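Some notes on the structure that comes next.
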2 protein chains.
Amino acid sequence: MTHRDALTDHLRQKIINGELLPGSRLSESALANQMDVSRNTLRETFRALTEQGLLGHVPYRGVSVKAPTEADVLDIYRCRRTVECSVMGQAHPQHPAVERMLRAVQEAESHVTDKNWLGMGSANMAFHEAIVALSDSPRLIRMFRNVSAELRLVFLMIEDPGALHEPFVKSNREILEALLSDGPEAGADALEQYLLESERWVLGAYGRRRID
Amino acid sequence: MTHRDALTDHLRQKIINGELLPGSRLSESALANQMDVSRNTLRETFRALTEQGLLGHVPYRGVSVKAPTEADVLDIYRCRRTVECSVMGQAHPQHPAVERMLRAVQEAESHVTDKNWLGMGSANMAFHEAIVALSDSPRLIRMFRNVSAELRLVFLMIEDPGALHEPFVKSNREILEALLSDGPEAGADALEQYLLESERWVLGAYGRRRID
DNA sequence: TCTCAAATATTGTTGAACAATCAGGCCTGA
DNA sequence: TCAGGCCTGATTGTTCAACAATATTTGAGA
């Protein structure tokens with residue numbers, strides 16, 4: 001693993017964790033000094049992260065953390081429905097990723113009592129990543145990874161992320177049950193309902209966002 | 001538009017057109033001289049194209065044009081079925097992109113008499129890009145763009161690309177007819193049949209490929 | 001022929017320099 | 001007062017040359 005790849009991962013993580021808030025501009029020289037790399041190396045990572053949709057780039061004005069719009073939220077959920085529901089509808093209930101789904105649900109449930117919103121959100125994400133992993137498709141998984149990262153940016157722009165994850169812990173459990181007891185099509189139906197409802201909540205919260 | 005963006009597009013086009021064959025290694029200094037840019041600028045474009053899946057990168061061994069494997073072909077078609085069929089199944093038959101689909105079919109048909117395989121392949125691609133455009137989803141369109149470019153690499157590895165496009169010109173016409181006369185679901189069904197059949201042909205031809 | 005180490009070539013990374021462009025302040029003229 | 005234009009400073013775009021880190025090749029010796 002080269003130095004730059006580590007930097008790319010590191011920067012990506014900082015963005016996803018909210019250490020660099022959506023909309024904030026990333027100065028090349030400042031960040032290069034801070035990260036202790038040269039400008040050229042940093043710029044290479046910028047290209048990769050821009051291609052992943054995490055950074056926006058305007059010529060001669062630099063890059064900034066993308067601040068998804070309402071239209072982006074709609075598009076993100078459209079992608080999620082397209083990919084997740086299709087994968088779920090053709091899933092084998094014996095697929096190893098089902099175990100990952102179960103563990104994610106259990107972890108999310110444990111965080112309900114803790115009121116640990118951050119962990120709950122991560123477990124929620126892990127659940128849906130596991131769903132896409134049912135496909136065994138590297139490209140679908142990578143695409144979902146990018147879309148999912150963009151959705152995290154949306155959460156970062158929202159005031160109260162806790163109330164956004166908690167109601168859906170039970171839904172995820174139900175999706176898993178539907179898949180296991182009634183088959184993939186039932187799972188896909190439950191999943192689509194979840195995604196439509198989640199989209200409504202996120203859009204509502206987006207209207208009350210704190211960051212533009 | 002900055003110099004580097006133009007270079008990225010240019011290089012991408014050269015790859016898609018087969019001027020740089022799949023598997024061929026791209027020397028930084030040689031290509032930088034040839035393209036008349038600095039190594040650093042070229043490297044930035046490498047990062048972008050790698051993220052798009054057109055180039056493969058191994059640390060300290062450079063980048064090379066990706067030579068998709070049989071597993072890649074399977075994955076590419078899985079993505080195509082997931083995205084294209086889902087979009088088609090929810091399409092509005094009055095969507096402006098339907099006009100693009102029609103024009104693409106007509107152009108492909110005109111190339112049948114010409115035996116212009118290159119133009120036929122491009123028109124075929126344009127037809128399916130138009131299908132995805134039915135979604136009005138920038139992310140789905142971008143993802144399809146990347147997958148579609150990878151598929152072009154597969155075609156470049158294959159001996160006889162002509163025989164691979166010609167039988168499917170009629171199928172595309174039928175898909176369009178199905179959408180217009182019997183609705184989106186019928187269109188999606190026809191499309192899925194097409195994709196499954198096309199996948200079989202491509203896999204077969206891939207077994208007789210000339211490039212590894 | 002095989003193995004191992006030195007030589008060679010390529011990529012990874014840096015720092016500095018200059019060119020191109022943008023943002024903001026300042027001045028002028030109406 | 002305000003619109004327009006110009007200058008200035010700051011940031012990005014791009015190049016170059018150098019060195020470090022790693023891979024590949026060469027070739028000597030057993």
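Numbered from 1 within each chain, the chains take letters A, B, ... in sequence-line order. Owing to the predicted nature of the structure, the values given are computational and were not obtained by experimental measurement.
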Protein-proximity profile, nucleotides 8-19 of chain D, B/S/- by nucleotide at the 4.0 Å heavy-atom cutoff, equals ---SBBBBB-B-
Hits for side-chain contact (heavy atoms from CB on, under 4.5 Å) against Leu203(A), two or more places apart or cross-chain, chain-then-number order -> Glu70(A), Val73(A), Leu74(A), Glu199(A)
Sorted by chain and number, sequence neighbours left out, salt bridge (charged side-chain N to carboxylate O under 4.0 Å, His left out) with Asp136(A) holds for none
Is the closest basic N to carboxylate O distance between Asp72(B) and Lys66(B) below 4.0 Å?
no
- Are any of the side-chain nitrogens in Glu99(B) or Arg103(B) under 4.0 Å away from the carboxylate oxygens of its partner? yes
Tested for ring-ring contact (aromatic ring centres under 6.0 Å, His included) against His165(A), the lone hit among Phe155(A), Trp117(A), Trp201(A) is Phe155(A)
